[in-house]
Amino acid sequence: MSKNQNTFIKKQKAELKRRKKKEKKEKMQARKDQPKSGKLEDMIMYVDEFGNFSETPPDPEDPKGKKSNQQNSNKSQ
């Protein structure tokens, strides 16, 4: 009985190895098919206040902390 199990396990490992090799080739081909651009604008990613990535820059708003700092500095003068 152990001989049959060994054969089955060998077949499973061989199938897994073939599947991984096929997936690797597909990933390599997908990377090759993507257009390559060395422009800095294409490589820049922005992070919003919640930690999400986006390709568009954030809206130019004053941070909440700077407003309060400006008010505090005016009061001390």
Side-chain angles (χ1 to χ4, degrees):
M1 180 151 180
S2 65
K3 189 172 186 179
N4 289 337
Q5 283 183 336
N6 288 340
T7 306
F8 179 72
I9 291 171
K10 285 180 184 180
K11 286 181 183 179
Q12 278 186 327
K13 286 183 179 181
E15 178 63 31
L16 181 64
K17 187 175 182 178
R18 275 184 263 146
R19 194 177 327 139
K20 284 185 178 182
K21 194 172 187 178
K22 182 181 176 185
E23 288 174 3
K24 186 175 180 179
K25 282 185 180 182
E26 289 174 357
K27 286 181 185 179
M28 286 175 56
Q29 188 63 35
R31 283 193 301 260
K32 286 182 182 180
D33 292 342
Q34 289 180 349
K36 294 182 181 178
S37 171
K39 296 180 183 178
L40 180 64
E41 292 84 24
D42 294 337
M43 292 187 273
I44 293 179
M45 290 295 290
Y46 298 96
V47 181
D48 65 1
E49 61 207 29
F50 303 111
N52 300 323
F53 297 111
S54 67
E55 294 180 359
T56 58
D59 294 330
E61 296 179 7
D62 291 331
K64 295 176 186 175
K66 285 190 177 181
K67 286 183 182 178
S68 63
N69 288 342
Q70 290 174 352
Q71 291 173 354
N72 289 341
S73 64
N74 291 339
K75 288 180 182 178
S76 63
Q77 290 177 351

Validation: residues 28-35 side-chain donor-acceptor distances under 3.5 Å, sequence neighbours left out:
{"from": "Gln29", "atom 1": "NE2", "to": "Asp33", "atom 2": "OD1", "distance (Å)": "3.1"}

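- Val47 shares a hydrophobic cluster with Met45, Phe53; the chain of contacts runs through ILVMFWY side chains whose heavy atoms sit under 4.5 Å apart.
- Applying the salt bridge (charged side-chain N to carboxylate O under 4.0 Å, His left out) criterion to Glu55, with sequence neighbours excluded, gives no partner residue.
- For Asn52, the side-chain contact (heavy atoms from CB on, under 4.5 Å) partners are Asp48, Phe50, not counting sequence neighbours.
- Listed by chain and number, the residues in a side-chain contact (heavy atoms from CB on, under 4.5 Å) with Glu23 are Arg19 (sequence neighbours excluded).
- With sequence neighbours excluded, the residues forming a side-chain contact (heavy atoms from CB on, under 4.5 Å) with Ile9 are Lys13, listed by chain and number.
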